[in-house]
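Comments concern the structure below.
We name chains A, B, ... by the order of the sequence lines, and we start the count at 1 in each one. Being a predicted model, the structure only gives us computed values, none of them experimental.
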2 protein chains.
Amino acid sequence: MVLRLRLYSALYPSWGPICLFPRSFASCSGNPASCCTMPQLGLLHGRAWAVLFGQLRRPPGAVCIRAVHSHSQVAEAALATQLKPHQEKSNFIIKTPKGTRDLSPEQMVVREKILDMVVSCFKRHGAKGLDTPAFELKEMLTEKYGEDSGLVYDLKDQGGELLSLRYDLTVPFARYLAMNKVKKMKRYHVGKVWRRESPTIAQGRYREFCQCDFDIAGQFDPMIPDAECLKIMCEILSGLQLGDFLIKVNDRRILDGIFAVCGVPESKFHAICSSVDKLDKMSWKDVRHEMVAKKGLAAEVADRIWDYVQCHGGVSLVQQMFQDPRLSQNKQALEGLGDLKLLFEYLTLFGIAEKISFDLSLARGLDYYTGVIYEAVLLQTPAHAEEEPRNVGSVAAGGRYDGLVGMFDPKGHNVPCVGLSIGVERIFSIVEQRMKTFGEKIRTTETQVFVATPQKNFLQERLKLIAELWDAGIKAELMYKNNPKLLTQLHYCENTGIPLVVIIGGHYTGKSCG
Amino acid sequence: MVLRLRLYSALYPSWGPICLFPRSFASCSGNPASCCTMPQLGLLHGRAWAVLFGQLRRPPGAVCIRAVHSHSQVAEAALATQLKPHQEKSNFIIKTPKGTRDLSPEQMVVREKILDMVVSCFKRHGAKGLDTPAFELKEMLTEKYGEDSGLVYDLKDQGGELLSLRYDLTVPFARYLAMNKVKKMKRYHVGKVWRRESPTIAQGRYREFCQCDFDIAGQFDPMIPDAECLKIMCEILSGLQLGDFLIKVNDRRILDGIFAVCGVPESKFHAICSSVDKLDKMSWKDVRHEMVAKKGLAAEVADRIWDYVQCHGGVSLVQQMFQDPRLSQNKQALEGLGDLKLLFEYLTLFGIAEKISFDLSLARGLDYYTGVIYEAVLLQTPAHAEEEPRNVGSVAAGGRYDGLVGMFDPKGHNVPCVGLSIGVERIFSIVEQRMKTFGEKIRTTETQVFVATPQKNFLQERLKLIAELWDAGIKAELMYKNNPKLLTQLHYCENTGIPLVVIIGGHYTGKSCG
């Protein structure tokens with residue numbers, strides 16, 4: 001502080017030394033009419049107050065601070081001046097579009113913290129930034145999302161190209177790689193995506209939401225980038241202190257192998273995979289019904305699938321599946337199992353193997369995955385010791401998609417890719433909820449110093465001083481009034497959590513300090 | 001570095017002390033077959049190289065680094081392995097929508113730097129963050145942009161609400177204030193906006209572009225927040241070192257006053273204001289023609305306007321206009337002049353008055369301004385001393401809009417607002433161009449350490465080590481190969497500007513060092 005305060009004395013050399021009083025505001029007399037002398041200002045609710053004042057050859061404490069109320073009186077006055085909300089209804093409806101919302105300053109602070117943390121992890125792993133337009137040519141998005149294609153937002157044809165808002169950040173990334181013939185890239189992308197889903201806002205699902213993606217494109221030795229993606233998910237989820245979590249891992253080739261050995265016709269692989277994907281939200285009874293009644297699968301085939309998809313465990317389950325008499329006959333499944341074995345080796349070296357569960361029920365909705373897939377779920381500590389930790393929803397997911405870039409390339413040249421997406425909206429609502437529960441107060445500004453005065457006609461001095469603070473890189477505010485009341489100024493600091501106040505004044509008359 | 005390297009010794013205690021050699025790589029023998037001992041590795045193009053190696057009871061320098069080529073050989077090898085670009089054309093066109101672009105990692109670095117600088121200035125002035133959806137209900141945007149309304153992107157009616165992409169950040173801010181009955185707020189917003197303009201990409205104009213807005217809403221004493229907006233523009237433009245600049249200031253009430261005293265019928269104020277706005281791109285002859293031939297203004301009225309709009313100057317021009325026999329009879333103009341006088345007082349206190357020019361030709365396109373308006377232009381230093389500095393385009397602008405919030409409020413309650421928008425796209429292209437001119441190289445990653453090995457079968461050790469680095473918060477990368485060549489690894493560091501390499505190795509056999 002000392003260096004900065006030297007600035008003030010340079011501005012007002014006639015004022016002599018500068019004083020900083022970290023004292024208790026609470027000790028100030030409750031009588032609004034009484035005069036608080038300098039030593040009575042200071043700490044307000046544990047925050048330090050810097051008091052700068054004009055000495056003009058008078059001893060410290062001579063500056064007159066009028067009308068400093070006790071805290072309860074401040075609160076009372078604030079209540080009285082609060083605006084009454086409009087109760088009347090009107091035909092004019094003013095709202096944001098369905099499934100969207102504004103982010104308030106409080107929410108922006110939480111979001112910024114979380115995004116900073118996520119992005120710094122991506123940068124720690126050597127990722128470059130990339131940005132793509134909010135909309136793409138409509139044809140770029142077709143045949144990428146399977147059954148979900150109906151959820152894409154299209155733009156109106158206003159005479160020009162047919163455009164759609166991006167549905168995720170993965171397809172634009174693949175388009176970028178193909179368009180620029182990039183064969184190798186590690187990139188992150190934080191941006192909004194849009195899906196015309198029926199929003200369940202209570203669960204933190206919106207039609208407009210933010211995604212944080214990290215992807216590694218390029219031809220490399222097996223499972224090294226894949227293992228890094230899982231490491232990143234662990235680092236982010238641990239770093240955000242969201243509690244215990246688990247990452248479920250599976251492989252599309254193992255799933256296909258299971259379907260094959262269970263007797264699913266190849267034409268139904270995608271449809272049955274979709275059904276398996278619903279096992280985290282629906283009971284087996286309902287999923288089985290969908291498979292048999294809606295998708296025409298033989299009941300005994302469904303039951304054979306059920307025998308497999310119940311399995312979950314660590315690396316030993318990979319070994320067990322290698323020895324499975326039926327699955328071990330399937331080439332695709334063996335490839336997947338071989339890769340998972342290698343993956344677990346690397347995850348052990350990364351020290352995160354115990355966070356990973358090989359889960360045969362994990363299917364992931366999107367069409368474009370071709371190899372390993374994964375999904376991180378938060379575990380809720382159960383109320384009773386005998387209960388199992390409860391899955392409170394997926395917060396990150398990803399997988400390998402080796403065929404997507406080829407869909408854009410004129411010659412079908414492929415670039416193998418693996419990546420992950422952090423479900424930050426879900427994380428935002430969890431963190432917000434947690435802050436509400438613990439009654440944490442959020443500062444929505446970063447202002448360090450407030451420039452106040454108890455005196456009239458001091459605007460010029462305030463403006464001169466605050467410009468010097470700004471020019472010195474100090475975050476500072478003042479009241480946009482010619483003659484604000486000191487109480488109002490201190491009250492503003494109190495409400496917005498500004499830790500330091502510079503109170504400037506001029507001639508001491510002694511009149512109002514009687 | 002010492003503290004971080006302690007980490008490595010903890011991991012490989014058997015390796016004994018760790019060595020860091022800041023030596024000249026250039027001093028290494030050019031013979032690829034020769035063995036470079038430790039002291040020969042080190043500084044490569046002025047960057048320090050950290051070399052960590054396995055001692056295994058051998059003296060330092062015993063580790064074998066094979067195939068370290070001279071720099072020219074590295075460059076040659078790199079050229080030989082570069083991929084040939086596809087020359088063939090195809091019917092399949094892969095592109096971004098018209099007027100939009102991807103931002104490459106290099107562009108993202110420049111953008112991030114500029115945005116950080118802009119946002120930190122906004123925060124220095126106590127602004128809170130706010131975010132609004134990319135699209136609004138269509139009706140929220142109608143009747144806000146005058147003639148430009150046709151440039152709004154509409155979404156397709158897919159069964160639901162009629163939506164439009166936001167055209168600026170000001171209207172969503174006003175909608176937010178009215179919707180939440182906020183009477184006072186200082187907020188910043190960085191986000192994309194969309195306009196269906198015919199893009200002149202060479203000038204840095206796009207259909208999708210980023211805006212950085214700062215606004216102060218609330219009823220305050222005159223011109224204090226307005227002066228702060230101008231101070232912010234100065235801080236940002238100085239901070240970005242874009243060269244000399246000037247902020248033109250005018251007031252809508254003064255313009256209306258001029259139109260009134262010159263004899264423009266009130267119904268034509270908006271249309272004539274639009275014409276005046278074109279004076280920075282068109283000659284007076286063309287603007288006059290538009291006024292007279294297209295907008296039906298009497299020629300002598302147009303000429304009277306010309307007498308006024310040629311005027312520009314400092315605070316003395318404000319005084320001069322106060323004494324103007326016609327203008328001083330107009331109530332609106334007097335209000336505007338009074339406010340400008342006060343504004344100049346505050347700008348003098350802020351120390352920025354010499355950057356401000358009262359320019360009667362400044363009109364600003366948007367309909368919603370009601371008071372002071374301003375626009376910052378960069379001045380190009382002329383090639384010849386006798387020439388005037390040339391205006392190379394507007395990079396920031398704003399003004400007062402006291403009626404916009406009331407357009408959203410069911411009861412028409414107004415909240416006075418003043419704000420500014422930084423034209424960051426223009427600034428991006430200026431900075432990009434400058435970097436190209438000066439041949440500045442941009443690092444697109446922040447990686448601090450690369451984990452390399454000259455030996456085969458060292459992936460496990462590399463993975464273990466890099467996980468420790470990541471867990472310690474160090475930005476680190478490795479090659480996703482089981483047995484990468486050391487040359488390839490060093491080459492990667494060279495290309496991406498990674499300053500430190502950890503080279504790990506095991507048993508020294510001596511064989512290849514012959």
Quick one: does Thr100(B)'s side chain get under 4.5 Å of Thr132(A)'s, heavy atoms only? no
Working to the nearest 0.5 angstrom, can you tell me the gap between Met140(A) CE and Ile93(B) CD1? 9.0 Å
Contacting region of Ala227(B) [heavy-atom separation from chain A under 4.5 Å]: neither
Considering only heavy atoms, which portion of Ile466(B) lies under 4.5 Å from any heavy atom of chain A: side chain, backbone, both, or neither? side chain
Compare every heavy atom of Leu137(A) with every heavy atom of Pro97(B), then report the nearest pair and how far apart it is. CG-N, 3.8 Å
Give me the one residue out of Gln107(B), Lys192(B), Arg101(B), Arg111(B) that meets side chain to side chain donor-acceptor pair (under 3.5 Å) with Asp131(A). Lys192(B)
Charged N-O contact under 4.0 Å between Lys123(A) and Glu477(B): no
Does Glu161(B) come within less than 4.0 Å of Lys95(A), counting only side-chain N to carboxylate O? yes
Less than 4.5 Å to any heavy atom of chain A: does that hold for the side chain of Val152(B), its backbone, both, or neither? backbone
Distance in Å, Lys156(B) NZ paired with Tyr153(A) OH, rounded so as to fall on 0.5 Å steps: 14.0 Å
In terms of heavy-atom pairs under 4.5 Å, which option from Arg187(A), Lys481(A), Met479(A) contacts chain B the most? Lys481(A)
How long is the span from the CG atom in Leu342(A) to the CG atom in Asn482(B), to the nearest 0.5 Å? 7.5 Å
Can you tell me if Lys113(A) has over 12 outside heavy atoms packed within less than 6.0 Å of its NZ? no
Thr444(B) to Lys128(A) - nearest heavy-atom pair and separation: OG1-CE, 3.3 Å
Is Ile216(A) close to chain B through its backbone or its side chain, or both, or neither, when contacts mean heavy atoms under 4.5 Å? side chain
Applying a strict 4.5 Å limit to non-hydrogen atoms, the region of Met223(A) in contact with chain B is neither
Leu463(A) versus chain B, heavy atoms under 4.5 Å apart: side chain, backbone, both or neither? both
Shortest non-hydrogen contact between Gly126(B) and Thr447(A), atoms and distance: CA-OG1, 3.4 Å
Any side-chain heavy-atom pair of Tyr176(A) and Ser104(B) under 4.5 Å: yes
Are side-chain heavy atoms of Glu228(A) and Trp470(B) found at a separation under 4.5 Å? yes
For residues Ile94(B) and Ala178(A), report the shortest heavy-atom separation together with the two atoms involved. CD1-CB, 3.9 Å
For Glu235(B), is it the side chain, the backbone, both or neither that has a heavy atom under 4.5 Å from a heavy atom of chain A? side chain
Residues Glu112(A) and Tyr188(B): closest non-hydrogen pair is OE1-OH, 3.4 Å
Would Gln460(B) and Tyr346(A) count as a side chain to side chain donor-acceptor pair (under 3.5 Å) if you check the C-alpha gap in whole Å, the side-chain angles of each, and the deciding distance to 0.1 Å? CA-CA 8 Å; Gln460(B) 292 205 349; Tyr346(A) 297 157; over 6 Å; no
Ion pair present between Arg124(B) and Asp471(A), side-chain N to carboxylate O less than 4.0 angstrom? no
Quick one, Tyr206(B) and Pro133(A) - any side-chain contact, counting heavy atoms below 4.5 Å? no
Within a strict 4.5 Å, meaning less than it, do heavy atoms of the Phe135(A) and Thr96(B) side chains meet? no
side-chain hydrogen bond (donor to acceptor under 3.5 Å, both in side chains) partners of Arg175(B), counting only residues at least two apart: Asp102(A), Glu136(B)
Separation of Arg462(B) CZ from Leu349(A) CG (nearest 0.5 Å): 11.5 Å
Can you tell me which of Glu106(A), Met179(A), Glu139(A), Met185(A) forms the most heavy-atom pairs within a distance under 4.5 Å of chain B? Met179(A)
With rounding to the nearest 0.5 angstrom, report the OG1 to NE2 distance, Thr445(B) to His125(A). 13.5 Å
Once rounded to the nearest 0.5 Å, what's the spacing between atom CZ of Arg207(A) and atom CG of Leu163(B)? 8.5 Å
At their closest point, which heavy atom of Leu130(B) faces which heavy atom of Pro105(A), and how far apart are they? CD1-CD, 4.2 Å
Leu459(B) and Asp221(A), any side-chain heavy atoms less than 4.5 Å apart: no
Heavy-atom side-chain contact between Arg196(A) and Gln158(B) under 4.5 Å: yes
Side-chain contact, heavy-atom cut-off 4.5 Å: Tyr480(A) with Lys184(B)? no
Which atoms of Glu345(B) are under 4.5 Å from chain A, going by heavy atoms: the side chain, the backbone, both sets, or neither? side chain
So which of Pro222(B), Gly351(B), Ala127(B), Ala134(B) has the largest heavy-atom pair count under 4.5 angstrom toward chain A? Ala134(B)
